[in-house]
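Report on the following structure.
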Amino acid sequence: AQKVTQAQTEISVVEKEDVTLDCVYETRDTTYYLFWYKQPPSGELVFLIRRNSFDEQNEISGRYSWNFQKSTSSFNFTITASQVVDSAVYFCALSEGAQKLVFGQGTRLTINP
Amino acid sequence: DGGITQSPKYLFRKEGQNVTLSCEQNLNHDAMYWYRQDPGQGLRLIYYSQIVNDFQKGDIAEGYSVSREKKESFPLTVTSAQKNPTAFYLCASSMIQGANSPLHFGNGTRLTVT
């Protein structure tokens, strides 16, 4: 069965620090997709990135970067030079086959000024 | 602007009453979904629909019902059979039913049943 584990329930850092959010997944399929979503205080989840299982290239988008390692079944998310606006709950999710995403428990990130 | 509208934002009901949560999208997406979020937990899928007049149960469908009479609308009814209905409910849509299609979410409805 699919499973996504975000072991960090809450993280609190001071603004401008770098922070990494961990995501470990379990799946038996060779074809699958991984996602990260951000949930700000307003409530809606915002799509950040999608990765398929055949693309292990790391990705950078501004201050955000993602490290996908199939060998350790991990898809970690790093925010460089964090800002107060990055405060949110972040979810990692896994999908295989039909569009039934399995979400991790989420990591609440607080960036203090 | 295109998006997903959920209403109301907050909803209060007495135990034993059915309640319907609204979800409307103008993104012309085929697939729509309902998720439930509880504190400290990830999102759990209640129901999803790939096309008008068709829907499938998700992982926690018991005590819920849906309809998909129009492409734009996917209302969720929380029935009195749902044993623990107090939660945050999120509606989402995607362009196609498929593992690689990102979801677009509404702002959610927080339901409190006393």
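Computed over heavy atoms, backbone and side chain alike; hydrogens, waters and symmetry mates excluded. Sequence lines set the chain letters: A, B, ... in the order given, protein chains first and strands last, and positions in each chain run from 1.
Looking at A/Gln39, only its side chain comes within 4.5 Å of chain B, counting heavy atoms on both sides. In this structure, no portion of B/Gln6 lies under 4.5 Å from any heavy atom of chain A. Residue A/Ser42 touches chain B through its backbone alone, counting heavy-atom pairs closer than 4.5 Å.
For B/Ile51, the CD1 atom counts as loosely surrounded, since its 6.0 Å shell holds 12 or fewer non-hydrogen atoms of other residues, nucleotides or ligands. Environment of OH in B/Tyr10: sparse, with no more than 12 heavy atoms of neighbouring residues, nucleotides or ligands closer than 6.0 Å.
Most heavy-atom pairs under 4.5 Å with chain A, from the set B/Asp59, B/Leu43, B/Asp38: that is B/Leu43. Of the listed residues (A/Gly106, A/Gly104, A/Ala93, A/Gly43), the greatest number of heavy-atom pairs within a distance under 4.5 Å of chain B belongs to A/Gly43. With chain A as the partner, the residue from B/Gln37, B/Arg110, B/Lys9, B/Arg44 showing the most heavy-atom pairs under 4.5 Å is B/Gln37.
Scanning all heavy atoms of the two residues, the minimum distance from B/Ile4 to B/His104 falls at CD1-O, 2.7 Å.
Taking the six-membered ring wherever Trp is involved, the centroid distance between the rings of B/Phe105 and A/Tyr37 falls below 6.0 Å. Between A/Phe77 and A/Tyr90, the ring centre distance stays below 6.0 Å.
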